[in-house]
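Right, one structure below, let's go through it.
Remember, it's a predicted structure, so these values are computed and weren't measured experimentally.
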Amino acid sequence: MVRGIAQPPSAGVVGDQATPAGRTPRFPATLPVGWLGIGALHVVAGVLPAVVVLLVQEEHALAFQLDYFVLMLQLNVIGLLFPLLAALPFVFPFSAQTSRRFLTYAAVRGDIRRLVLACYGRCLVVTGLAFAPLLPALYLVSLATRPTFHPNLYAGGRPYTPETFSTFSQVAGYGDWAYVAVITGWLTVHAVVYAWLTLSTVLLVPQRALGLSLPWIAFFAVTFAMAVAGAEAFSPATVTPFNLTQLPWWQPLPQLGVLVVLAVGLMAWTVRTAPRRCQ
């Protein structure tokens, strides 16, 4: 059953707020934006890693500027908690709305399919805008705090250059910002996909905490199992390609394709069956 669509409320009430009877809600305007969640995302995945790297940079043999930037991403909880972080900007505050019977009211007074579809649209916009500036901001911090580089430590060994050190770093041949742009796009698309998956589970699972955590549990379990099997390059871990040795640029794409199909399919099913679940 969809969360919050169990019992019809009295006419004119949206959760704890009164609304004039007979007025149809303007669905997109009523959907939340989690400013606290966006702030928490940038503190946890941006500010804290930057501070940590400033404190420990001398303990790492850094070869070039992108090496320093990627260290901020590697000493970061983003690879471990990504589905939960993706849910912070929109899905977390939206799940609180469902607990106040917002969807119940909408099902009684308006088109529930339109509302649920509007939820996914707002989720895409809010999550994308929240994640897009995260990595460019970290890169600017890395430019403002240049450490001492030691490229000579890698002389004579396996090539370690901006073009060879990580998955997708092949594009660094066009400039460091090309790599930052590609990683930013990759992370932002994944954030929207995981936010959609979490939004679907929140709408379909009665228990709010379980609905919010199911995509993260699946992400963690599959990543761990495939790492044990030695197939990490084909696992959800490709969401953070800076943690992987360089793979062919196309190799992570099938994993993303599977996630997109799963997210879109689950969204379509949730939207289509919403009226029946309200009965």
Assigning hydrophobic clusters by single linkage (Ile, Leu, Val, Met, Phe, Trp, Tyr; side-chain heavy-atom cutoff under 4.5 Å), is [X] placed with [Y]?
| X | Y | value |
| --- | --- | --- |
| Val258 | Val264 | no |
| Phe94 | Leu117 | yes |
| Val222 | Val261 | no |
| Val171 | Phe69 | yes |
| Met72 | Leu143 | yes |

For this session: Test ring-ring contact (aromatic ring centres under 6.0 Å, His included) on Tyr174 and Tyr179 and set out the steps.
Result: CA-CA 8 Å; Tyr174 299 99; Tyr179 175 74; over 10 Å; no
With side chains defined as the heavy atoms from C-beta onward, is the minimum distance between [X] and [Y] less than 4.5 Å?
| X | Y | value |
| --- | --- | --- |
| Leu212 | Val202 | yes |
| Cys119 | Leu199 | yes |
| Trp35 | Pro93 | no |
| Phe90 | Val125 | no |
| Phe168 | Pro252 | yes |
| Val180 | Thr184 | yes |

Please name the pair of heavy atoms, one in [X] and one in [Y], separated by the smallest distance, quoted to 0.1 Å.
| X | Y | value |
| --- | --- | --- |
| Ile183 | Pro241 | CD1-CG, 3.7 Å |
| Ala86 | Thr127 | O-CG2, 3.8 Å |
| Leu187 | Val239 | CD1-O, 3.2 Å |
| Pro215 | Gly211 | CD-O, 3.7 Å |
| Pro162 | Ala172 | O-CB, 3.4 Å |
| Gln251 | Phe234 | NE2-CZ, 3.5 Å |

Problem set entry | Those residues that, when tested against Phe220, pass ring-ring contact (aromatic ring centres under 6.0 Å, His included) (two or more places apart) |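 Residues passing ring-ring contact (aromatic ring centres under 6.0 Å, His included) with Phe220: Trp216.
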Problem set entry | More than 12 heavy atoms from other groups under 6.0 Å of CH2 on Trp249 |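 It does not: Trp249 CH2 has 12 such atoms or fewer within range.
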Output the distance between atom [atom1] ([X]) and atom [atom2] ([Y]), rounded to the nearest 0.5 Å.
| X | Y | atom1 | atom2 | value |
| --- | --- | --- | --- | --- |
| Ser213 | Leu84 | OG | CG | 7.5 Å |
| Leu138 | Asn76 | CG | CG | 7.0 Å |
| Leu253 | Trp250 | CG | CH2 | 9.0 Å |
| Leu129 | Leu124 | CG | CG | 9.0 Å |
| Gln65 | Phe149 | CD | CZ | 4.0 Å |
| Thr148 | Leu62 | OG1 | CG | 9.0 Å |

Return yes if some donor-acceptor pair links the side-chain N/O of [X] with the main-chain N/O of [Y] below 3.5 Å, else return no.
| X | Y | value |
| --- | --- | --- |
| Gln74 | Phe242 | yes |
| Ser95 | Phe92 | yes |
| Gln246 | Glu163 | yes |
| Arg113 | Arg272 | yes |

Exercise. Can you check side chain to side chain contact (heavy atoms under 4.5 Å, CB included) on Cys123 and Val91, steps first, answer last?
Worked result: CA-CA 7 Å; Cys123 180; Val91 183; 4.1 Å; yes
Side chains of residues 36-55: which donor-acceptor pairs under 3.5 Å do they make with residues two or more places apart or in other chains?
| from | atom 1 | to | atom 2 | distance (Å) |
| --- | --- | --- | --- | --- |
| His42 | NE2 | Ala130 | O | 2.9 |

Exercise. Do Tyr194 and Phe219 make the cut of ring centroids closer than 6.0 angstrom?
Worked result: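 Yes; Phe219 has its ring centre under 6.0 Å from that of Tyr194.
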Problem set entry | Pairing residues for Thr240 by the side-chain hydrogen bond (donor to acceptor under 3.5 Å, both in side chains) criterion, not counting sequence neighbours |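 Scan of Thr240 (side-chain hydrogen bond (donor to acceptor under 3.5 Å, both in side chains), adjacent residues dropped) gives Asn243.
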Exercise. How far apart are the C-alpha atoms of Phe131 and Val192, what are their side-chain angles, what is the distance that settles it, and do they pass the side chain to side chain contact (heavy atoms under 4.5 Å, CB included) test?
Worked result: CA-CA 9 Å; Phe131 270 81; Val192 170; over 6 Å; no
Problem set entry | side chain to side chain donor-acceptor pair (under 3.5 Å) evaluation trace for Ser200 with Tyr120 | CA-CA 9 Å; Ser200 295; Tyr120 283 97; 2.6 Å; yes
For this session: Classify the side-chain pair Thr198/Thr201 by whether it contains a donor and acceptor separated by less than 3.5 Å.
Result: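 No, Thr201 and Thr198 have no side-chain donor paired with an acceptor closer than 3.5 Å.
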For this session: State, without any angle test, whether Thr145 and Tyr68 hold a side-chain donor-acceptor pair at a distance under 3.5 Å.
Result: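 Indeed, the side chains of Thr145 and Tyr68 share at least one donor-acceptor pair under 3.5 Å.
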For this session: For Trp186 and Leu256, run side chain to side chain contact (heavy atoms under 4.5 Å, CB included): C-alpha distance rounded to whole Å, both residues' side-chain angles, the deciding distance at 0.1 Å, then the answer.
Result: CA-CA 9 Å; Trp186 183 257; Leu256 175 59; 3.6 Å; yes
Exercise. Would Ile112 and Val271 satisfy side chain to side chain contact (heavy atoms under 4.5 Å, CB included), going step by step from the backbone distance to the final call?
Worked result: CA-CA 8 Å; Ile112 186 62; Val271 171; over 6 Å; no
